[in-house]
Undergrad: 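Below is a structure I'd like to ask you about.
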Amino acid sequence: MTASLLVSTGAMALDHSYRDCAALLGRHVHWIAGGHASSVDYAALKRDGKALEQVLAAFSAVTPGQFDAWERSRQMAFLINAYNAFTLQLVLSGYPDIKSIRELGSLLRSPWKRPFFDLLGAQRNLDWIEHDRLRPVYADPRVHFAVNCASVGCPALRPEPYAAAQLDQQLNDQQRRFLTDRTRNRFSAGDGTLHVSQIFKWFAEDFTTAVGGGLKQWLAGHAALLTDNAADRERVERGDFRLDHLSYDWSLNGRENRR
């Protein structure tokens, strides 16, 4: 644990419109590749460190009692936003001397298991948000298109925070942007192979639970986003395809890698 990463808590009320977070993301995160991906200007974000600290302090100040009183969409938006914001902080702890977030881990502990921030009354790591709260409690596979691992292979970091009133729309939009990204999900008609992101391998259980069937069933239900013409769409809808998982690009999602 690195002491400089710890965020102190204070008597701060959380703004559920996340105005400060929205301003920060709007300054330093930008859509690229036709809206299928985004890039982060980490150098500028590092210079804007005080603004990031204020955003993180607001997350850390929320008590378990306050959180438990919120309705489901407000809780989910909070957890997704916290995950993404603390991920930015983790990257900045090593930037510009890293090329991947994985360099911030060790042989014994991944960066996602590294406790470096306070959230809901205790010191936490990123895995706690994703695997102990978001996945088991809310059981919505679209969160995999919303939480951002600061890598090129990851679904895009939105240049705006999530908010309860727009959460369903934002999650659907994230899913659409990711599934229609042909660098990460594409159908090859020649050999009948649907090439998809490793995310669908790592978290297959979440997608299959959502449809009560296999992963191919979930993918078939999203054929319109995964294919580019009617013939391919019909084939995927029938489940007439081989499944292949593409390699994952762990390069940092900074401007230097996302031009």
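The residues of the chain are indexed from 1 along the displayed sequence.
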Undergrad: Step through it carefully: locate the ring centre of Trp70, locate the ring centre of His16, and say whether they are under 6.0 Å apart.
TA: yes
Undergrad: Can you tell whether the side chains of Asp228 and Arg182 come within less than 4.0 Å, N to carboxylate O?
TA: yes
Undergrad: Under the salt bridge (charged side-chain N to carboxylate O under 4.0 Å, His left out) rule, collect the residues that match up with Asp20, sequence neighbours excluded.
TA: none
Undergrad: Sequence neighbours left out, what passes ring-ring contact (aromatic ring centres under 6.0 Å, His included) with Phe187? Give chain and number order.
TA: none
Undergrad: Is it true that, when you exclude Arg19 itself, more than 12 heavy atoms of the residues, nucleotides or ligands shown sit nearer than 6.0 Å to its CZ?
TA: no
Undergrad: Ignoring hydrogens and angles, write down the donor-acceptor pairs under 3.5 Å from the side chains of residues 132-141, residues two or more places apart or on other chains.
TA:
unit_1, atom_1, unit_2, atom_2, d
Arg135, NE, Asp206, OD2, 2.7
Arg135, NH1, His131, ND1, 3.0
Arg135, NH2, Asp206, OD1, 3.1
Arg135, NH2, Asp206, OD2, 3.3
Tyr138, OH, Gln75, OE1, 2.8
Asp140, OD1, Arg142, N, 2.9
Asp140, OD1, Arg142, NE, 3.1
Asp140, OD2, Arg142, NE, 3.3
Asp140, OD2, Arg142, NH2, 2.8

Undergrad: When you compare the side chains of Gln170 and Glu160, does any donor N or O come within less than 3.5 Å of an acceptor on the partner?
TA: yes
Undergrad: To the nearest 0.5 Å, how far apart are CG in Leu120 and OG in Ser60?
TA: 9.0 Å
Undergrad: Do the charged groups of Arg124 and Asp118 touch, with an N to O distance under 4.0 Å?
TA: no
Undergrad: Hey, could you give me the NE2/OG1 distance between His222 and Thr180, rounded to the nearest 0.5 Å?
TA: 12.0 Å
Undergrad: Taking side chain to side chain donor-acceptor pair (under 3.5 Å) as the definition, give me every residue that meets it alongside Tyr95, ordered by chain and number, with sequence neighbours left out.
TA: none
Undergrad: Side chains of Phe78 and Tyr18: does their closest heavy-atom pair fall under 4.5 Å?
TA: yes
Undergrad: Indicate if Trp31 and Val147 have the same hydrophobic cluster label, given that clusters are the connected sets of ILVMFWY residues with side-chain heavy-atom separations under 4.5 angstrom.
TA: no
Undergrad: With side chain to side chain contact (heavy atoms under 4.5 Å, CB included) as the test, would you mind laying out the steps for Ser93 and Leu104 before giving the verdict?
TA: CA-CA 8 Å; Ser93 72; Leu104 297 171; 4.1 Å; yes
Undergrad: For residues 193-201, tabulate all N or O donor-acceptor pairs below 3.5 Å that involve a side-chain atom, not counting sequence neighbours.
TA:
unit_1, atom_1, unit_2, atom_2, d
Thr193, OG1, Asp191, OD1, 3.2
Thr193, OG1, Asp191, OD2, 3.4
Thr193, OG1, Arg242, NH1, 2.4
His195, ND1, Asp244, OD2, 2.8
His195, NE2, Ser188, OG, 3.2
Ser197, OG, Ile199, N, 3.0
Gln198, NE2, Leu246, O, 3.1

Undergrad: Mind telling me whether Trp250 and Trp112 have parallel, tilted or perpendicular rings, with 30° and 60° as the class edges?
TA: tilted
Undergrad: Check whether more than 12 heavy atoms from other residues, nucleotides or ligands sit under 6.0 Å from atom CD of Glu71, and answer yes or no.
TA: yes
Undergrad: Working to the nearest 0.5 Å, report the span between CZ of Arg47 and CG of Leu52.
TA: 14.0 Å
Undergrad: Please walk me through it: do Asn84 and Asn81 pass side-chain hydrogen bond (donor to acceptor under 3.5 Å, both in side chains)?
TA: CA-CA 5 Å; Asn84 290 341; Asn81 290 336; 5.3 Å; no
Undergrad: Any non-hydrogen side-chain atom of Asn253 less than 4.5 Å from a side-chain atom of Ser151?
TA: no
Undergrad: Mind checking whether Leu119 and Phe86 have side chains closer than 4.5 Å, heavy atoms only?
TA: yes
Undergrad: Nearest 0.5 angstrom please: Cys154 SG to Phe145 CZ, how far?
TA: 10.5 Å
Undergrad: Between Arg158 and Asp173, does any NZ, NE, NH1 or NH2 come within less than 4.0 Å of an OD or OE carboxylate oxygen?
TA: yes
Undergrad: Does the side chain of Val55 come within less than 4.5 Å of Phe59's, by heavy atoms?
TA: yes
Undergrad: How far apart are the closest heavy atoms of Leu88 and Leu157, and which atoms are they?
TA: CD2-CD2, 4.1 Å
Undergrad: According to ring-ring contact (aromatic ring centres under 6.0 Å, His included), who are the partners of His28, at least two apart in sequence or on a separate chain?
TA: none
